[in-house]
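Keep in mind the model is a prediction, meaning the values are calculated, not measured. Naming convention: chains lettered A, B, ... in sequence-line order (proteins, then strands); numbering from 1 in each chain.
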Amino acid sequence: MRRKLPTLAFAVLVALATAGVAAAGNGGFAPVTPASPNATHIQHAYYLILGFTVAIFILVESLLVIFIVKYRSRGRPRTVEGAQVHGHTRLELIWTVFPVVILAIIAAFVFYELPNIDSAPAAAEPIHITVEGHQYYWQYDYPNGARSIGTLHAPVGAVVDLKVVSPDVIHSWWIPALGGKIQAIPGRTNHTWFQATKAGSYDGQCAQLCGVFHASMLATVQAGSQRQYRHYLATWQDTIGKQIWNGVCATCHGNLGQGGYGPAIANNSLLIQPNALHGIVHNGFTGTQGAMPPVGDTWTKAEFDALAAYVKKNIYKATPAGATSGG
Amino acid sequence: MAVRSETAYPVGWKNGRVASWLVTVDHKRIGILYIATSILWFVAAGILALLMRSQLATPGETFLTKNSYNEVLTMHGTTMIFLVVVPIVAGFANFLVPLMIGASDMAFPRLNALSYWLYLLGGIVLWLSWFAKGGAAHSGWWSYPTLSENFPWASPGHGQDYWILSLHILTLSSLLGAINFIVTILNMRAPGMTWMRMPLFIWAIVTYAILLLLALPALSAAITLLLLDRTVGTHFFIPSQGGSLVLYQHMFWFFGHPEVYIMVLPVFGMVSEILPVFSRKPIFGYKAVAFSTLAIAFFSMLVWAHHMFTTGLPVGLDSFFMISSMVIAVPTGIKIFNWLATTWRGNLILDTAMLFTLGFIALFTIGGLSGIFLAAFPVDWQLNNSYYIVAHFHYVAFGGIVFGLFGGFYYWWPKMFGRMLDERLGKWNFWLMFVGFNLTFMPQHMLGLLGMARWVYTYHQGGLWEAYNLASSIGSGITALGVAVFVANVWRTNFLRKGVRAGNDPWLADTLEWYTTSPPPPHNFDSVPYVTSARPLRDLRRRLAEQPQ
């Protein structure tokens, strides 16, 4: 009975783990369900390593438990010595060589999968999009000069080549379902790619500490039909003001400009002075309440105009009578 | 030693209860100072961890957010690494190295005292930086520029400057200590103690000291350049003016990865001491365990860029660092299997010291195995900087290193203070920490795989995210209870003086520190036996047993 105990315990553990996986899709036992070939091939490598490591885990931990149960002192005094074994060269060679073999298999498999992870399918004609990490939002530039904030629009099935850059601090681009991370490093241009295999909205977030609002630096890839994609490219200017407000300004100043980490600005008359607004957004600002990063240092005039129009219409509320201006 | 003679301390004021600790150059007292100070910071940085887990317990918490959260995470990491693990290892080594090799003190006792006081100063500088203009450093313990640069939107104020100053002081302290250990071990071993008869802990400490000498200068250089950027207007790490951020990453991790082994190798050494004594057996494969220490140290200098797989290095470089990182798993595996074999056919005495040591093997194995995923760089592209990483390195640093250190506490406490820590409280301490630790960090693997990034102060997903986070936060509370039991145990043993008096050798151990009294007299040994094997005390016991009455 006593010897069956560890076996039993492990059977229960394995059953629990399996039930967990079955119950919750992958439930956190593997990377999120892939929706792009690179993520799929990473998943393959993950499962291979998982197989080996689970086997080694069970081997080591069960040996440990078995030895503890079997060789525990059971009241034998400390003066009783165990077997005075000083080593065993052949055994030691085995547990040196065995891991080498396993690791070699893993490395070989990684190299086998690597071309499918690292490079996009050769035949496809990729769409080139620039991803710019910025405190604290993601900005996307499309081939025709269109731009979006926070949400990247892409057609299903198309290979999308991403050029990842940053003008301020290091960020890290990560949409788990669409592949691995790549850092957005100031002074450097990195590349990654994805090919959404089915329509949907794929969430991710910045994976490098980038300052106060690192946690708010979310990203979404919206994979839809070619028509939806082209529609966005044609109409981006209609929504860019709202996108900027929601994706950039609201992070600190609140959804309605009521204030948050940054001061309340809904009543601030700067909002209806386009030139002053342009200056502060383009250059940043250091005041008594802290510093505002130059969030808009890569925005075009059209975007500023859209933002100015949006805040004037939707955010700005004239100062209530009797209150002082300049919040 | 309670009794002090006038000749040993001729000047009156130096005999004072407090003053005698302030002026001491005795390696044992310095070791105890190191350990006590580290424990204080362990508790402080642990409280920071509890604050973070409280914030993350449920989605959208507002308990500790934004800059405060970033300050807390930076201080937690920096404190645990530079003010807890590295110095506590130095403390154990200070106390144990001369005793284990049969010497009367370290080679340079005054330098040794200087190391300790520099460490204390460095720690105070770091913790006073909470009050610096702009608050404490908040760019993470890596302090990657440009976030750590002196821009209004990055790290203005002086917190980051104090962080740099503190690390410079601590580095100086560690370098002086390292030189001291190397000189002591090379020159002051007892007669007969050849390299192949040295305790494995001594092997670990000499390797630790060499790694410190090789790795720390890279950190000093990196943070000096950062300091120059911040204060005198250079642009080493400001890309818009020609600087390179990847350069900092290389310099930091060239130090940062050996640092992991600087912390863990001495704990491997402790495990290799404790495990045989409580198995009533010799270590299985002494040479393999000793040489695998050297192998790990060598390869640890060649794996740094596996922290940089998402930097966008050429695939050729990534491949090299994948293979070197996998290579280092081999000597580590050798150690684990040799430890397992040490328990085989033993007479396992399951005292608290042994429980923590066995817990170390169980948990460190998990930390090692999860590291293989991270070595395979395409898989790392998924897992890097997610909560999976947080889980992985806590299995190494807490499940491995801290459990090993607690084993060390319970094992060497009687030698340090002459009294045994209580076994009943010890068992509570172990089981609370073991259960709490696993509950805290096992779910974090899953969180990372679900897509939760590191360093975030909040999240808005319910479901599994919420469940795993809540479990993790509850686990952190249980772990804290375990640590509280330890503190109570120390209180009971040392301050209420209820700990059972220990004789010279309560565990029937193998090494020379158990040859002298507990605690040892200022000069350590009246005489040292000629060492004929790696287990001099067992040899002595056998000789005594064989002698006719």
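- Contacts with chain B (heavy atom to heavy atom, under 4.5 Å) involve these residues of residues 106-113 of chain A, listed by number: A:I106, A:A107, A:V110, A:F111.
- Rounding to the nearest 0.5 Å places CD1 of B:I366 at 13.0 Å from CD1 of A:I56.
- Although no hydrogens or angles enter the test, the distance criterion places a donor-acceptor pair under 3.5 Å between the side chain of A:Q84 and the main chain of B:R280.
- Interatomic distance, B:F284 CZ to A:L91 CG, rounded to the nearest 0.5 Å: 5.5 Å.
- Contact of the A:D118 side chain with the B:W381 side chain is registered, since non-hydrogen atoms from C-beta on lie closer than 4.5 Å.
- Counting heavy atoms from C-beta on, the side chains of B:I372 and A:L103 come closer than 4.5 Å.
- Both the backbone and the side chain of A:L50 come within contact range of chain B, each with at least one heavy atom under 4.5 Å from a heavy atom of that chain.
- Contacts of A:E92 with chain B are made by side-chain atoms alone, with heavy-atom separations under 4.5 Å and no backbone atom involved.
- With a 4.5 Å cut-off on non-hydrogen atoms, A:T286 touches chain B through its side chain but not through its backbone.
- Put simply, the side chain of A:R188 never gets that close to the backbone of B:V246: no donor and acceptor are under 3.5 Å apart.
- A donor-acceptor pair shorter than 3.5 Å can be found between the side chains of A:W174 and B:Q382.
- Contact annotation for A:A83: both backbone and side-chain heavy atoms come within less than 4.5 Å of a heavy atom of chain B.
- Residue contact with chain B, scored on non-hydrogen atoms closer than 4.5 Å, involves the backbone of A:P77 exclusively.
- Residue A:H191 does not touch chain B at all, counting heavy-atom pairs closer than 4.5 Å.
- Under a 3.5 Å cut-off, the side chain of A:H214 and the backbone N or O of B:R454 do form a donor-acceptor pair.
- Using bins of under 30°, 30° to 60° and over 60° for the plane-to-plane angle, the ring pair A:W95/B:F337 lands in the parallel bin.
- Heavy-atom distances place both the backbone and the side chain of A:D168 under 4.5 Å from chain B.
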